[in-house]
Amino acid sequence: MKNFTINTIFSALLGAIIWFLSPFITGEVEPWDAFPLFYLVSLSIVGFIAAMPEGASLTSIYVGAIVGQFLYMLVFLPVGPLILVGVFSLALFSLLTLIGPFVK
C-alpha cells in the first residue's frame, strides 16, 4: 500500500508538470489546446517515467496522472461550466499513460 501511494503521488506530480510546462512550450494554457502531439507524447512519457520505480502499478500511474492534472486545473486555472467535460477528457487522455509501462 505504501508503494501504491508513493507511486500515485509521483505520477500526480508528473501529470501536473505537463500542465505547468504547457504555456512555456506550446504557448497554450491547456495542453490539449496546443498541437495534439505535445499532450499525447507528454502523457506517454509520464507513464514511462512513472513506471520506473519498482512496484509501480498501472492503476497508480493512471490514477495519479488524472489526480495531478485535475488538481492543477482546480488550483491554477479558472473553473468554468465545462469542468465535467474536462474531467472526462482527462480520464480518456490519461489512458495514454498506460503506454509508458509497456515500453519500459
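In this structure, A56 and I61 approach most closely via the heavy-atom pair CB-CD1, 4.4 Å. The two residues P101 and G47 come nearest to each other via the heavy atoms CD-O, 3.6 Å.
Counting heavy atoms from C-beta on, the side chains of M73 and L90 come closer than 4.5 Å. With a 4.5 Å cut-off on side-chain heavy atoms, F70 and I83 count as touching. Looking only at side-chain heavy atoms (C-beta outward), L43 and I18 come within less than 4.5 Å of each other.
I9 and I45 fall into different hydrophobic clusters, where Ile, Leu, Val, Met, Phe, Trp and Tyr residues are linked whenever their side-chain heavy atoms come under 4.5 Å apart, directly or through other members. F24 and L13 are members of different hydrophobic clusters when ILVMFWY side chains are connected at heavy-atom separations under 4.5 Å. Transitive grouping of hydrophobic side chains (ILVMFWY, heavy atoms separated by less than 4.5 Å) brings V75 and L77 into a common cluster. The cluster map of Ile, Leu, Val, Met, Phe, Trp and Tyr, joined by side-chain heavy atoms under 4.5 Å apart, puts V79 and F76 in the same cluster.
Not counting sequence neighbours, the partners of E30 by the side chain to side chain donor-acceptor pair (under 3.5 Å) test are W32.
Atom OG in S44 sits 4.0 Å away from atom CD1 in I99 (nearest 0.5 Å). Atom-to-atom distance recorded for I49:CD1 and I17:CD1 is 8.5 Å, nearest 0.5 angstrom. Atom CG of L71 is separated from atom CD1 of I66 by 11.5 Å, given to the nearest 0.5 angstrom. Taking CG of D33 as the reference point, atom OG of S22 lies at 8.0 Å (rounded to 0.5 Å). Here L37 contributes atom CG and T26 contributes atom OG1; the two are 12.0 Å apart, rounded to the nearest 0.5 Å. Rounded to the nearest 0.5 Å, atoms CG (N7) and CG (L58) are 11.0 Å apart.
For the side-chain hydrogen bond (donor to acceptor under 3.5 Å, both in side chains) condition, the pairs that include at least one residue of residues 84-97, sequence neighbours left out, are Q69-S94. Residue pairs satisfying the side-chain hydrogen bond (donor to acceptor under 3.5 Å, both in side chains) criterion with at least one member in residues 58-68, sequence neighbours excluded, are listed as follows: S57-S60.
Between F35 and Y39, the ring center distance fails the sub-6.0 Å criterion.
Below 30°, between 30° and 60°, or above 60°: for Y72 and W19 the angle between ring planes is between 30° and 60°, a tilted geometry.
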